[in-house]
Amino acid sequence: MSNDTQFTLANLIKQQIRQNPRQRITFAEFMEMALYHPELGYYSSRAGNLGKEGDFFTSVHLGADFGEMIANQLLEMWEILQRPANFTLVEIGAGQGLLALDILKYLQAKHEDCFAATKYTIIEQSPKLQREQQQRLQGWSVTWCDLGEIPENSLVGCIFSNELVDALPVHQFAIASGEVQEIFVSVRENPGVKGGFEFVEVMDDPSTPELVNYLQSFGFDISNFPDGYRSEINLAARDWLGNVSRCLQQGYVITIDYGYPGHRYYNPRRTTGTLQCYFRHQRHNNPYINVGYQDITSHVNFTALEKWGEQYQLQTLGFTQQALFLMALGLGDRLVQLPYTNLPTMEVLQRRDYLQQLIDPMGLGGFGVLIQGKNVPNQLPTGLKQPSNP
Ligand SMILES: C[S@@+](CC[C@H](N)C(=O)[O-])C[C@H]1O[C@@H](n2cnc3c(N)ncnc32)[C@H](O)[C@@H]1O
């Protein structure tokens with residue numbers, strides 16, 4: 001893609017701002033366009049850039065083990081639900097389709113009865129990634145649709161995602177003179193910069209009372225936040241979770257992502273929020289450069305997902321770290337058995353490295369795993385069982 005195209009997306013956002021009577025848009029609107037504009041957003045146009053060669057990689061890029069251990073968790077859920085003849089797996093935000101392929105291959109090879117009952121559906125916002133998924137999953141029985149198309153209370157199964165919620169557009173706020181102010185995005189002409197303009201932040205009263213309501217509903221006393229404190233609020237996650245629950249008649253929701261419980265997320269000492277951008281494996285915090293060329297994410301407040309879930313009849317079954325989740329699902333045994341496989345030495349070393357990355361507490365192992373259930377029997381999924389909680 002040429003630089004001209006890059007400036008086209010920035011120009012489109014500029015136009016949107018100029019059309020607004022107040023010459024500004026919310027940060028959530030900016031992030032929505034930067035990531036999901038149907039032709040020029042990061043996920044629409046630069047989708048090929050996920051993975052080891054791209055801007056960032058996720059657990060699914062570290063071999064098939066991650067998907068296989070998740071498949072084992074899904075298999076157990078199928079058994080807990082008394083082996084339903086139609087067991088629907090819905091993956092939301094499936095990226096390049098790697099996790100889907102690993103899960104389906106494993107179930108077909110090792111658990112044919114569960115595989116025969118499984119209906120795999122993908123919900124994917126990016127048309128380009130959807131095409132890539134369709135190519136990768138050719139020959140497998142997978143369907144694609146919008147979440148809104150799934151009829152109410154129609155599914156028995158599991159709805160799951162890996163690094164989806166961190167990619168939903170967030171509002172940003174800051175504390176000024178003890179009050180919550182929203183951070184909006186505006187433009188300033190500047191002949192000294194490429195393109196002749198730059199995006200600038202302006203603060204004003206929030207565009208919606210939901211921002212203050214959100215902080216109050218989690219019991220945060222705004223007066224504890226120092227002036228200049230800033231952070232993010234993911235209201236889109238609430239609507240997403242409501243929609244997810246609406247589809248489920250009986251089953252589970254597994255959400256894997258980086259994030260914290262609310263009290264850590266909104267710790268008054270974390271004064272600069274959690275917003276991060278990824279550009280060619282470099283992490284920085286300026287969302288106003290490389291527009292359409294870089295990923296923008298913010299950590300997930302898992303307490304919010306738990307609380308909203310309960311409002312939508314999703315019971316929190318447990319929250320754990322990815323390292324503990326995968327260890328409970330047999331990652332330790334996989335490490336021990338590695339030297340006894342017939343793989344060439346270099347492959348053994350690479351797989352060991354990948355398995356260790358999946359549980360590295362400073363990296364992917366520190367991710368959160370939340371499992372919620374709707375109308376499910378009272379049995380803890382194995383991924384949530386810890387040595388002290390068998
Ligand atoms: C960070 S990527 C993660 C991809 C993949 N799950 C992985 O682990 O590699 C986020 C994915 O979510 C998709 N996405 C974002 N918002 C979405 C939404 N509202 N509905 C469906 N997919 C969405 C993106 O297009 C992309 O495929």
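When a ligand or atom number is given, it counts from 1 through the structure's own listing order.
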Inset, instruction - Under 4.0 Å, heavy atoms only, figure out whether ligand 1 is touched by the backbone of Y36, its side chain, both or neither. - result: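 Near ligand 1, Y36 shows its side chain, while the N, CA, C and O stay back.
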Inset, instruction - Using the six-membered ring of F218, assess whether NZ or CZ of K307 lies under 6.0 Å from its centre and within 45 degrees of the ring axis. - result: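 Yes, K307 lies over the aromatic ring of F218.
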Where is the nearest protein heavy atom to [atom]: which residue, which atom, and how far?
{"atom": "atom 19 (N) of ligand 1", "value": "Q125 OE1, 3.1 Å"}
{"atom": "atom 10 (C) of ligand 1", "value": "E163 O, 3.4 Å"}
{"atom": "atom 8 (O) of ligand 1", "value": "N162 ND2, 2.8 Å"}
{"atom": "atom 9 (O) of ligand 1", "value": "T58 OG1, 2.8 Å"}

Inset, instruction - Check for a donor-acceptor pair, side chain of Q249 on one end and backbone N or O of N153 on the other, with a separation under 3.5 Å. - result: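 Present.
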Inset, instruction - Please find out if less than 6.0 Å separates the ring center of F302 from that of Y265. - result: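 Centroid separation for F302 and Y265: 6.0 Å or greater.
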Legend entry - Nearest neighbour of atom 27 (O) of ligand 1 from the list Q96, E124, H61, K128, on a heavy-atom basis: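 Minimum heavy-atom distance to atom 27 (O) of ligand 1 goes to E124.
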Legend entry - Option set G93, A167, P127, criterion heavy-atom distance to atom 5 (C) of ligand 1, minimum: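 Looking at heavy atoms only, G93 sits closest to atom 5 (C) of ligand 1.
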Using 30° and 60° as the class boundaries, would you call the ring planes of [X] and [Y] parallel, tilted or perpendicular?
{"X": "H299", "Y": "Y260", "answer": "parallel"}
{"X": "F115", "Y": "W140", "answer": "perpendicular"}
{"X": "F225", "Y": "F220", "answer": "tilted"}
{"X": "F173", "Y": "Y266", "answer": "tilted"}

With atoms numbered from 1 as shown, which atoms in ligand 1 lie under 4.0 angstrom from a non-hydrogen atom of [X]?
{"X": "G95", "answer": "4 (C), 5 (C), 27 (O)"}
{"X": "I92", "answer": "21 (C)"}
{"X": "L129", "answer": "25 (O), 26 (C), 27 (O)"}
{"X": "L164", "answer": "12 (O), 14 (N), 15 (C), 16 (N), 17 (C), 22 (N), 23 (C)"}

Legend entry - Carboxylate-amine/guanidinium contact E68 K105, below 4.0 Å: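 No, this pair does not count.
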